[in-house]
Amino acid sequence: MEAKIKKELGTTMLKSTGHSGGGCISEGQSYDTDTGRVFVKINHKSEAKVMFDGEMASLEAILKTETVKVPRPVKVIELDRGGCVFVMEHLDMRGLNKYSKQLGEQLADLHLHNQRQLEKLNKEQQTVGKGAGQSEAAVEKFGFSVTTCCGYLPQDNEWQDDWVTFFSQQRLQHQLNLVEQSYGDREARELWAKLQLKIPQFFTDVVIVPALLHGDLWGGNVAECAEGPVIFDASSFYGHSEFELGIAGMFGGFNTSFYSAYHEKIPKATGFAKRNQLYQLFNYLNHWNHFGGGYRGSSISVMKDLLK
């Protein structure tokens with residue numbers, strides 16, 4: 001593996017630093033190279049390339065917005081014996097602590113970035129011939145240009161004009177189809193039959209502009225380095241900014257200064273609490289599909305709550 005990485009990176013030195021990390025999906029290792037230190041994620045599953053290509057595209061998209069720091073992606077390398085590695089910039093990270101407020105501000109800027117681009121483009125189109133076409137492209141639909149994985153499960157990111165359709169079909173329905181294949185859970189099936197009819201009601205009078213999302217922003221995917229906050233392990237797509245706060249609120253890791261700073265820039269819209277539950281439902285279902293029946297109870301009870 002190391003010989004292959006050396007060749008692909010064009011480096012004569014590849015020396016392990018002893019820094020390692022990893023989650024429940026991939027393992028990671030830092031190396032010193034001719035051009036500096038890199039962090040290498042390793043995954044031996046057959047789907048690893050899809051997963052890492054999606055993560056690389058996610059980090060590139062976030063990087064372009066110049067709003068919140070992410071590790072700079074370098075290269076996805078296929079291994080000769082199957083599996084894949086993803087090489088990115090090594091950052092000296094520690095737990096999020098003094099930069100919580102700044103992360104809230106920067107995350108809101110990330111979520112507002114596409115809206116600001118759309119506003120800029122509209123302005124340019126109104127001032128014909130004066131600096132027209134200077135802005136970078138803005139996105140008017142929901143989805144993403146490549147498949148991204150939340151955990152190791154690929155997501156359907158095909159572009160849609162309507163958020164409610166995208167979220168119901170390509171997020172919730174997709175997860176429930178997987179639950180059905182694995183468990184054939186009758187109660188989940190019956191609750192979903194009712195809930196999917198009710199979903200549009202949660203979005204009455206809410207204007208949703210596609211926002212670039214990190215996509216899996218729980219406490220384990222945020223940190224800080226000397227200069228400020230960092231987010232990583234992204235699973236991006238263009239969606240409703242509120243979606244991001246679903247998983248953020250589920251496992252802790254974010255304090256009140258984070259939320260206050262975020263909502264100062266993006267105030268809570270009417271009906272926020274119910275939609276937050278709806279977005280948490282996606283994450284409970286995703287956890288059920290990853291880690292088994294321990295997440296069934298939460299998935300079922302959130303569906304029942306939403307139907308009240």
Side-chain angles (χ1 to χ4, degrees), residues 5 9 13-33 35-43 51-52 54-56 58-76 85-111 113 148-152 212-236 244-265 283 287 290-291:
I5 297 172
L9 295 183
M13 175 173 75
L14 189 74
K15 184 169 171 267
S16 171
T17 65
H19 286 269
S20 64
C24 29
I25 312 292
S26 300
E27 50 193 286
Q29 180 74 45
S30 288
Y31 293 93
D32 283 326
T33 72
T35 50
R37 190 166 284 189
V38 294
F39 184 71
V40 178
K41 276 174 93 167
I42 306 141
N43 191 291
M51 190 168 77
F52 286 156
E55 188 179 342
M56 179 149 177
S58 301
L59 294 178
E60 285 172 339
I62 296 170
L63 206 55
K64 264 193 198 138
T65 68
E66 297 180 356
T67 52
V68 55
K69 191 173 183 67
V70 291
R72 188 175 290 276
V74 178
K75 198 169 194 183
V76 173
V85 299
F86 177 24
V87 184
M88 67 191 90
E89 170 190 19
H90 169 94
L91 296 172
D92 281 322
M93 299 191 298
R94 53 179 179 265
L96 184 67
N97 178 20
K98 64 175 184 178
Y99 290 116
S100 285
K101 178 176 182 280
Q102 205 178 331
L103 179 61
E105 290 165 357
Q106 291 179 359
L107 186 70
D109 287 337
L110 171 67
H111 290 168
H113 182 265
T148 51
C149 298
C150 193
Y152 57 77
L212 179 63
L213 306 176
H214 171 283
D216 189 14
L217 200 80
W218 68 288
N221 288 345
V222 302
E224 65 186 35
C225 55
E227 311 86 78
V230 185
I231 61 176
F232 50 93
D233 285 356
S235 162
S236 293
E244 199 91 280
L245 301 179
I247 195 166
M250 283 165 66
F251 304 110
F254 299 92
N255 63 20
T256 48
S257 67
F258 164 83
Y259 288 108
S260 306
Y262 180 88
H263 288 302
E264 207 164 293
K265 292 193 172 201
N283 291 292
H287 277 68
H290 273 87
F291 308 114

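Atoms considered below: every heavy atom in the structure, side chains included; atoms not considered: hydrogens, waters and symmetry mates.
Residues satisfying the salt bridge (Lys or Arg N to Asp or Glu O under 4.0 Å) test with Arg37, not counting sequence neighbours, are Asp32. Under the ring pair (Phe, Tyr, Trp, His ring centres under 6.0 Å) criterion, Phe258 pairs with Phe254, sequence neighbours left out. Scored by the ring pair (Phe, Tyr, Trp, His ring centres under 6.0 Å) test, Phe232 finds no partners at all (sequence neighbours excluded). For Ser16, the side chain to side chain contact (heavy atoms under 4.5 Å, CB included) partners are Gln29, Tyr31, not counting sequence neighbours. Looking at residues two or more places apart in sequence or on another chain, you find a side chain to side chain contact (heavy atoms under 4.5 Å, CB included) between Phe251 and Trp218, Ile247, His287, Tyr295. Partners of Ser257 according to the side chain to side chain contact (heavy atoms under 4.5 Å, CB included) rule, which considers only residues two or more places apart in sequence or in another chain, are Ser100, Lys101, Asn255. Not counting sequence neighbours, the partners of Asp109 by the salt bridge (Lys or Arg N to Asp or Glu O under 4.0 Å) test are Arg116, Lys265. Taking the ring pair (Phe, Tyr, Trp, His ring centres under 6.0 Å) definition, one finds that His214 meets it with nothing, sequence neighbours left out. Listed by chain and number, the residues in a side chain to side chain contact (heavy atoms under 4.5 Å, CB included) with Glu66 amount to none (sequence neighbours excluded). Every residue was checked against the salt bridge (Lys or Arg N to Asp or Glu O under 4.0 Å) condition with Lys15, not counting sequence neighbours, and none meets it. With sequence neighbours excluded, the residues satisfying salt bridge (Lys or Arg N to Asp or Glu O under 4.0 Å) with Glu55 are Lys41.
For the pair Leu245/His263, a side-chain contact is recorded, criterion being any heavy-atom separation below 4.5 Å from C-beta on.
At most 12 non-hydrogen atoms from other residues, nucleotides or ligands lie less than 6.0 angstrom from CD of Glu264.
For residues 17-26, no pair satisfies salt bridge (Lys or Arg N to Asp or Glu O under 4.0 Å), with sequence neighbours left out.
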